[in-house]
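We name chains A, B, ... by the order of the sequence lines, and we start the count at 1 in each one.
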Amino acid sequence: MEIRFFPIEFVHKIREDKPYIYMYGKLEDNTKICVIQEYQPYFYAQVHESHKTQLGERLKALEVETNEGKAKVVSWESVEKELLGKTKSFWKIYTNFPKAVQLISNELSSWGIECYEKDVPFVHRYLRDQKITPMTLVEVKGEFIEEKNTRVPIFIAEEVKQFSKEAIKQLKTLAIDIETYSPEKSVIDPEKNPILMIAFYGMDEEGQEFKKVLTWKRFKSRLNYLETVTDEIELLVRCRQIILDYQPDIITGYFSDGFDFPYIKTRADKYKLKMDLGLDYSELNTGKKTDFREGKTKITGILHLDVFKFIRNIFGKNLNTESYSLNAVSKELLGNKKDDVNISELAQAWDNNSEELEDFCKYNLQDAHLTLKLCQKLMYDMIEFSKIVNLPLFDVVRMKFSKLVESYIMKRTIDYNILAPNRPGRNEIEQRMEETFQGAFVYEPTPGLYEDIIIFDFRSLYPTIITAHNIGPEGLCCQCCDEEKRDLVPGDHHYWFCNRKKSFLSKVLERIILRRIDLKRLIKETKDKGEETNILDARSYTLKTLANSFYGYMGFFGARWYSIECARATTAFARDYIQRTIKKAEESGFQVIYADTDSCFLLLGDKIKDEAMRFMNEVNFDLPGHMELEFEGHYPKGIFVALKGSDKGAKKKYALLDDDGEMKITGFETIRRNWSPLAKGVQEEVLRLVLEGHIEEALAHVKEIIKKLKKGEIALEKLIIKTQITKDLRSYSSIGPHVAVALRLLEQGINVVPGMVVEYVIGKGSGLIREKAKLLEEIKPGEYDADYYLFNQIIPAVNSIFLVLGIKEEDIYRDSSQIGLGKFF
DNA sequence: ATCGAGTATAA
DNA sequence: GTTGCTACTCGAT
């Protein structure tokens, strides 16, 4: 019989001594199902003609002992494949189970035989080979079978094929969030401290909501979603039952890989409770955490998405948020303002049986609710990534850019019969890390206030250069192109890329670019019809992200298709194009005031916009491939400032005012999170007033703020400085203010993990700044260090702006205050 | 005094 | 994922 289903979650297992892929998913009527198919794992080996007979004998005899049985070679066949531009003959060697690939190939390597694609995860291999796209409708031929140990029907497939590219729309999702007992001045310790409450927030296919907060302390409350149990054991038992009863397609959490699930697992293990949530009755698997690998929690058959990971790894790049906390991200993405409670007071409220516990329950549920909404909001984007790289959503949301690009390239190897180069070993990585290359060109601006600025920029500069100049490792210094026809890379290095045979990477990249061009047209048509473009927008964003990552990928030391020459050539062409554009603008009579990588700022002067557009069209006339210079905008006013203590113009630091009076600030402290809102606010106001031509007001504004600052009237929230902790606290060689504060947080029992952003205020006193750095709860209003905020925050933030106008530092202080400035006169 | 480590930002 | 740029703090020389 034939059925159609949406595959969502994947595992592989040995069944009756044979390797099988298990695809958990849903039929079109939302019934859950698991489709299984036998599949043989394999890898490739490069075999010399003369060794073939001998090697065959050795492979037949080869056996490697493991605790899962003997790893063996099942069979092999000879295939032709292209490896970095050269077509060669390889053996495709099949093994008896997936893990055997690694063991057998290691053995062959020790015999001096080069092996390839030996580290491709089995599920990934299957999906690519079978051309099955997760989350889309797949048609399978086969039959239902009776199996033990399964919570859903099992269908064994003989044939599978993609039925449609349309992604699944109805997904039953459950968000989960836990609160734990964490008394002050103690480290988070799942061995010691219990889970106090667990919140669930679900939504089914029809949009029906499900809310519940479980807790094991009784207190007065009229919350209808509250369920009270006797103790933590029962809490965990109920937690298991709730998930099993609800049977979501997706379980989501915010940092649930790193916190909620490992915590639940640790507590359950402590009481020897089963957490057999898997659709095959398997236990919650929190994975192995090492120094290099983060933990992942997998529940067989239920897709666990850690929304935090997707945001941190991929989506966060196009957010403006200063931190990846649930609070900050929800605010930007959902526009919600979260009701906050001081979570460090939970332990105390718990011990005192306080009625405030109700607030913590509400807070707990709110977090689950926000997580659910974030997951739903990002679902299109996550699914698009999954579809485009053809991998399980579980893996995609946990990937970083390099893996994502590589997966996409790996998918394309099938279409072009290409063999993937191996990932670099330890030595190779070390060598690659020492290689550097020159980046983009940045024009040094002359400090000043400018009028009528026109900005042009190259659309997708790096991707279009790679395709237009056929950049790719295979065509490097080819011998097939005649010397006079070679497309030489600009600069001192004498090298070129073949212009007869298209390189694999540029073919792959061009497909992305072309698809995006089509898609943009479709989006426009759809919008014109007044229809929703959510999914198309997500797809366009995915393609753009992928295309933009190619250049970085080629220069990344861990890449399979690493090529420093390709990365070097990409930036070399880019520098050449932007410099030629600048020259051409000047030849056309425009004054160029700034340029950075792919953009060019010029002054309109006494010309009209049409003349600028004519210049742009002339540039475009000569551009190859998909390269294009675009009109970015017209700005009536703009300011460029000088380097500190110099009259040279600062690069990557300017502010513009557009036709609608909107300000666009680049590089200034205003947009940096490790400056106080006070300094940022003053700077932004000064920039605005100066650009609008109100210089006196700008100066007066600063003086006013300084007066308030000296009187101790500035609210503490405006003085908060946020700095990220980027590594383990113990490995800091120099203890900055942020590290000092983080160490105190640790003492209070707050889990300080890399990536966390700490907030502090500089308090009154003497000594190092780090000694004066205070947590918000450690300082009272007015007790801040006014001098610090004046000399280290406000003055540096506005000084360079005023200097452009000929206003010196002393002019800022004049009349603003009579105290504490003696040392400056 | 000067320099490296650390943080953050632009493209 | 890459390089480029500026400015500040800490801590060692």
> A/Phe550 near the nucleic acid: base, sugar-phosphate alone, or nothing, with a heavy-atom cut-off under 4.0 Å?
Replying inline: nothing
>> Please pick, from B/dA8, C/dG1, B/dG6, the nucleotide with the shortest atom-to-atom distance to any side-chain atom of A/Ser733.
In response: B/dG6
>> If the cut-off is 4.0 Å, is A/Tyr443 near the phosphate of C/dG4, judged by side-chain N/O to OP1 or OP2?
In response: no
> How far does the P atom of C/dC5 sit from the matching atom of B/dG6, given to the nearest Å?
Replying inline: 22 Å
> Would you say A/Arg672 reaches B/dT9's phosphate, i.e. side-chain N/O to OP1/OP2 under 4.0 Å?
Replying inline: no
> Reckon A/Gln724 has a side-chain N or O less than 4.0 Å from the OP1 or OP2 of B/dA8?
Replying inline: yes
> Contact class for A/Gly439 vs. all strands (heavy atom < 4.0 Å): base, sugar-phosphate, or nothing?
Replying inline: sugar-phosphate
>> Under 4.0 Å from OP1 or OP2 of B/dT7: is there any side-chain N or O of A/His738 that close?
In response: yes
>> Rounded to whole Å, please give me the gap between CZ in A/Arg575 and P in C/dG4.
In response: 8 Å
>> Among B/dG6, B/dT9, C/dT6, which nucleotide has an atom closest to any side-chain atom of A/Thr726?
In response: B/dG6
> How close or far is atom P of C/dT3 from atom CD of A/Glu435, stated in whole angstroms?
Replying inline: 11 Å
>> Applying the ring pair (Phe, Tyr, Trp, His ring centres under 6.0 Å) criterion to A/His469, which one of A/Trp496, A/Tyr577, A/Phe497 satisfies it?
In response: A/Tyr577
>> Using the side-chain heavy atoms of A/Lys652, tell me which of these nucleotides is nearest: C/dT3, B/dA10, B/dG6.
In response: B/dA10
>> Can you confirm whether or not the ring centre of A/Tyr443 sits under 6.0 Å from the ring centre of A/Tyr594?
In response: no
> For B/dT9, which nucleotide is its Watson-Crick or G-U wobble mate, given both distances must be under 3.5 Å?
Replying inline: none
> Contact class for A/Ile671 (heavy atom, under 4.0 Å): base, sugar-phosphate, or nothing?
Replying inline: sugar-phosphate
>> Whether A/Ser734 contacts C/dC10 is assessed here as follows: a side-chain N or O lying under 4.0 Å from the phosphate OP1 or OP2. Is that the case?
In response: no
>> Looking only at the side chain of A/Pro737 (C-beta and beyond, no hydrogens), which of the listed nucleotides C/dT6, C/dC10, B/dA10 gets closest?
In response: C/dC10
> Base, sugar-phosphate, or nothing for A/Ala440, non-hydrogen atoms under 4.0 angstrom?
Replying inline: sugar-phosphate
>> Regarding A/Leu643, tell me which of base, sugar-phosphate or nothing describes its non-hydrogen contacts under 4.0 Å with the strands shown.
In response: sugar-phosphate
> Heavy atoms under 4.0 Å, any strand shown: does A/Phe556 hit a base, just sugar-phosphate, or nothing?
Replying inline: sugar-phosphate
> Between A/Phe550 and A/Tyr462, is the ring centre distance below 6.0 Å?
Replying inline: no
> Below 6.0 angstrom between ring centroids: does that apply to A/His493 and A/Phe437?
Replying inline: no
> Can a side chain N or O of A/Tyr594 be found less than 4.0 Å away from OP1 or OP2 on B/dA10?
Replying inline: no
> Quick one: A/Arg568 CZ to C/dG4 P, roughly how many Å, whole number?
Replying inline: 11 Å
> Taking the six-membered ring of A/Phe573 as reference, does the NZ or CZ atom of A/Arg575 fall below 6.0 Å from its centre and within a 45° cone about the axis?
Replying inline: no
>> Distance check needed: B/dA8 P versus A/Ile725 CD1, whole Å only.
In response: 9 Å
> Base, sugar-phosphate, or nothing for A/Phe458, non-hydrogen atoms under 4.0 angstrom?
Replying inline: nothing
> Nearest-Å distance, NZ (A/Lys317) to P (C/dT2)?
Replying inline: 12 Å
>> Using 0.5 Å steps for rounding, measure from the NZ atom of A/Lys664 to the CG atom of A/Leu687.
In response: 14.0 Å
> Given C/dT6, B/dA10, C/dG1, which nucleotide is nearest the side-chain atoms of A/Tyr551?
Replying inline: C/dG1
>> I'd like to know if A/Glu428 and A/Arg423 make a salt bridge, using a cut-off of under 4.0 Å between side-chain N and carboxylate O.
In response: no
> Over how many whole Å does the gap from A/Phe441 atom CZ to B/dA10 atom P extend?
Replying inline: 20 Å
> Any side-chain N or O of A/Lys722 under 4.0 Å from OP1/OP2 of B/dT7?
Replying inline: no
> Which nucleotide in the list B/dA11, C/dC8, B/dA8 gets nearest to the side chain of A/Asn792?
Replying inline: C/dC8
>> How many whole angstroms separate atom CD1 of A/Ile409 from atom P of C/dG1?
In response: 14 Å
> For the residue pair A/Leu391 and A/Ser407, what are the closest heavy atoms and their distance?
Replying inline: CD1-OG, 3.3 Å
> Under 4.0 Å: is that the gap between some side-chain N or O of A/Lys644 and OP1 or OP2 of C/dT6?
Replying inline: no
> Which nucleotide sits closest to the side chain of A/Val442: C/dG4, B/dT7, C/dT2?
Replying inline: C/dG4
> Base, sugar-phosphate, or nothing: which does A/Ser402 touch, judged by heavy atoms less than 4.0 Å apart?
Replying inline: sugar-phosphate
>> Measure CD1/A/Ile665 against C1'/B/dA8 and give the value in whole Å, please.
In response: 16 Å
>> Side chain of A/Thr597, heavy atoms from C-beta onward: which of B/dG6, B/dA11, C/dG1 has the nearest atom to it?
In response: B/dA11
> Whom does C/dG4 pair with, Watson-Crick or G-U wobble, provided both distances fall under 3.5 Å?
Replying inline: none
> From B/dT9, C/dT9, B/dA11, pick the nucleotide closest to the side chain of A/Asp598?
Replying inline: B/dA11
